[in-house]
Structure formats: structure tokens, C-alpha cells
Amino acid sequence: MEPKVLDGKQTSKEIVDELKARFEANPTDKKLAIVSVGDDYGSAVYCNMKKKKAEYIGIGCEVFHFEEGVSQEEVENKVKELANDDSFAGIMIQHPLPKYIDEQKCFNLIPPEKDVDGLSATSFGLIAQSKQLFAPATALGIMKLFEKYNINLVGEEVLMIGKSQIVGLPLSVMLMKAGATVTVAHSRTKDLAGMIKNFKIVIVAIGKAEFVKADWFTEGQIIVDAGYNEGNVGDVDHLAYEKAEYYTPVPGGVGPMTIASLMSQTAEAIDILNSK
């Protein structure tokens, strides 16, 4: 059996091109705001990528960057200001923030209808209540890939390895809402290697380079690697892909879908703001 690629690069291009055509036909003056803090290299790269993609589509984007040392209050005040500014349809806070900043407190200041990265407690609660407005972009990107490749989730056994509020927890809820039976594990789960073989779909999002080994898998599984680590490697040993029915490559799998999903939700937020 030849493994099939869940091509996030191509799927994201289709989403982005559709959005670009929409805003070429109906331009908008509403913008996306990105708040970032500190000098994390990866964060700076991602902010730039998101800004460029938004502007390519036809959505204005402003990055509000604070140097490390900025107070919690200053960051919160900026988020509150953006929340009340109707020129901004969407607001996201670039993760991670420095450890002294209470991230969740900042996320929770974003109104649900502007929370295009889906990280506030309210957004998570709406997902849990089947009233999803916006979801964390990586989790949504993975769901869009399943939809694109007609992967049926109803009744399927899924192992979610990772329990972060950015990916693992919201995605596990979204999968259950889609009809899957979900088990959540993490890097400290006992006998993780023994568990993996029992699941048709394995999703990994733990942020540890090639932590999940190739010999932990069996033939014909679906492997979704949401990790991206130094050296252009994911959280799964790439040799595991050879056994898979479907797999997401790293890079070119989940990463592009994250940005495309953010753009898609920003477009929805523009619709919400325009309807007021």
C-alpha cells in the first residue's frame, strides 16, 4: 500500500485563493490585529507569515509588538483597545508570550466574535456546547484536512497525543463532536508505544522532535503530525510515514492549514462585524 499525503500545502492554497477572489470582488477595510511580546524568533517568523498572507488575500493586518519587560497591564490594555475598535474584525495574540505574562487572561479579553484564533475560554466553551464560533486554528486546520480527504470520523477510534489548549484539548472535543471516539494521551502516558497500534487515527501535538517512533505504528494507520521542531522535523519519526494509509508531511502538512484556517476565520469575523 502506497501511503497517501494529506497535502496541507495544496489544501491551504485552495482556501487562500478562494478568499483572495472573494476580497478582490468585494474589498474590505476591516483588519486583523496581531499582538506579540518578546524576541522569540519563531513568533516573529509566524507573525510575518500571517501578515503577508492576510495582505495577499486582501485583509489589512497590523502587528502590535511589545518588547520583553512590558507589563501585563499594558498588554491587556492594548487587547481591550483593539476589542473596542471596529476597524479590527479579528484579534489574535501570538503564542507563546513570555512566562511572566498570563496568556489566558489576555486571550479571555478578546470578544468571541473577534477571537479568530479561538483561544479564549469562551471560544472553548462554545466548542464544547456545539455552538462553535471560532476554533484554535491548528485544530480547525486538521479538521479541514479530514474533510478535504473524506476521512470518516464517525465511530472511529482516535488517539490524541497532546493536551495543550492550543491543539490537543480543543481538537479532542471537536473530534468527539464529529462522532469519533477519542482517547487523550501525552508524553508521560504509560506504555504510549503499546497504545498507538490500537488506533486507526493517531494525532501528535506535543512539541518534542521525533518523540513518537516509527516502530510504534502498524500498517494502515492515519498519522497526523502537528509538530514542528528545529531541523524541519515533526513530533513523529518520518520513517513512520512509510507504514501509513495517510500522513501529514512536515513541513507542508498541518502548518499551512493553521494559517489558512486563521485567514478563513478572519473572513468570517469580517462578515460578523459587517452584519452589525
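Residue numbers count from 1 along this sequence. Side-chain atoms are counted along with the backbone in the values below, which use heavy atoms only and exclude waters and symmetry mates.
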Aromatic ring pairing Y247/Y241, orientation class (parallel under 30°, perpendicular over 60°, tilted between):
parallel
Roughly how far, to the nearest 0.5 Å, is the [atom2] atom of [Y] from the [atom1] atom of [X]?
| X | Y | atom1 | atom2 | answer |
| --- | --- | --- | --- | --- |
| E157 | Q221 | CD | CD | 12.0 Å |
| K177 | I127 | NZ | CD1 | 10.0 Å |
| M174 | L169 | CE | CG | 12.5 Å |

Test item: [X] and [Y] side chains (from C-beta on) under 4.5 Å apart, heavy atoms:
| X | Y | result |
| --- | --- | --- |
| L262 | K50 | yes |
| D191 | T189 | no |
| I272 | K114 | no |
| D40 | Y46 | no |
| E103 | L119 | no |
| S43 | S36 | no |

Is there a chain of hydrophobic side chains (I, L, V, M, F, W, Y, each step under 4.5 Å between heavy atoms) that links V116 to Y56?
yes
Work out which heavy atom in A185 is nearest to a heavy atom in L159; give both atom names and the distance.
CB-CD1, 3.9 Å
Could I get the full list of side chain to side chain contact (heavy atoms under 4.5 Å, CB included) partners for A83, not counting sequence neighbours?
I91, P111
Residues passing the side chain to side chain contact (heavy atoms under 4.5 Å, CB included) test with E55, sequence neighbours excluded, are K51
Would you check if the side chain of Q94 reaches a backbone N or O of V37 as a donor-acceptor pair within less than 3.5 Å?
no
If you apply the rule side-chain contact (heavy atoms from CB on, under 4.5 Å), what do you find for Y246 with I151, and how did you get there?
CA-CA 10 Å; Y246 289 97; I151 294 172; 4.2 Å; yes
Considering only residues two or more places apart or on different chains, which pairs with a residue in residues 17-34 satisfy salt bridge (charged side-chain N to carboxylate O under 4.0 Å, His left out)?
K13-D17, K20-E24, R22-D271, K31-E62
